[in-house]
Amino acid sequence: PLPPSCDLNAAAPLKDALLAALKGDGPLLVDVSAVRQFGTPCAQVLLSADRSALQRRSDSGLRLTGASAAFTDAMQDLGLDDALERWSER
């Protein structure tokens with residue numbers, strides 16, 4: 001799961017975890033239920049992971065589980081409503 005505070009300090013560990021997950025065969029699931037703060041650096045990491053997953057796996061990109069209200073609000077504030085919707089529907 002993502003940490004409660006997804007800020008600049010959380011972006012590098014998140015990137016490393018998602019890169020490792022991309023090497024597997026299963027869907028790229030990200031639990032965002034604990035997120036209380038979410039910023040641009042982590043949003044950029046998720047967008048990049050989604051793009052990489054779509055390029056490497058023809059069936060799916062990133063999928064979210066347990067989107068907290070804070071995560072949803074932050075994604076909307078960043079203008080990433082479309083990504084949020086796509087990731088939630090997969």
Side-chain angles (χ1 to χ4, degrees):
L2 290 180
S5 182
C6 291
D7 55 10
L8 182 59
N9 294 327
L14 175 59
K15 180 189 99 179
D16 293 341
L18 291 173
L19 283 173
L22 280 169
K23 293 178 182 175
D25 292 333
L28 186 58
L29 297 174
V30 179
D31 180 354
V32 294
S33 59
V35 173
R36 300 294 167 249
Q37 295 177 326
F38 187 77
T40 304
C42 287
Q44 290 172 324
V45 171
L46 291 181
L47 290 165
S48 179
D50 180 53
R51 184 175 178 178
S52 294
L54 288 170
Q55 289 174 347
R56 294 178 188 184
R57 306 168 182 188
S58 60
D59 61 334
S60 67
L62 185 81
R63 292 185 203 169
L64 298 178
T65 61
S68 67
F71 177 83
T72 300
D73 290 346
M75 288 288 287
Q76 291 170 341
D77 288 347
L78 292 168
L80 298 172
D81 305 66
D82 291 343
L84 179 62
E85 187 175 326
R86 237 183 13 258
W87 297 343
S88 299
E89 290 180 351
R90 292 186 182 151

Shortest non-hydrogen contact between A34 and L2, atoms and distance: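 Taking A34 first and L2 second, the nearest heavy atoms are CB-O, 3.7 Å.
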Exercise: identify the closest heavy-atom pair between L62 and V30: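 Answer, listing the atom of L62 first, then V30: CD1-CG2, 3.3 Å.
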Listed once per pair and sorted, the side-chain hydrogen bond (donor to acceptor under 3.5 Å, both in side chains) pairs that draw on residues 38-49, sequence neighbours left out: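 Sorted pair list comes back empty.
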What donor-acceptor contacts under 3.5 angstrom involve side-chain atoms of residues 68-84, with partners at least two apart or in another chain?
{"from": "S68", "atom 1": "OG", "to": "V35", "atom 2": "O", "distance (Å)": "2.7"}
{"from": "S68", "atom 1": "OG", "to": "F71", "atom 2": "N", "distance (Å)": "3.1"}
{"from": "T72", "atom 1": "OG1", "to": "S68", "atom 2": "O", "distance (Å)": "3.1"}

Check: V32 and W87 side chains under 4.5 Å, non-hydrogen atoms: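 Answer no - side chains too far apart.
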Please tabulate, for the side chains in residues 4-20, all donor-acceptor contacts under 3.5 angstrom to protein atoms that are two or more places apart in sequence or on a different chain.
{"from": "S5", "atom 1": "OG", "to": "D7", "atom 2": "OD2", "distance (Å)": "3.4"}
{"from": "S5", "atom 1": "OG", "to": "Q37", "atom 2": "OE1", "distance (Å)": "3.2"}
{"from": "D7", "atom 1": "OD1", "to": "N9", "atom 2": "N", "distance (Å)": "3.2"}
{"from": "D7", "atom 1": "OD1", "to": "A10", "atom 2": "N", "distance (Å)": "3.3"}

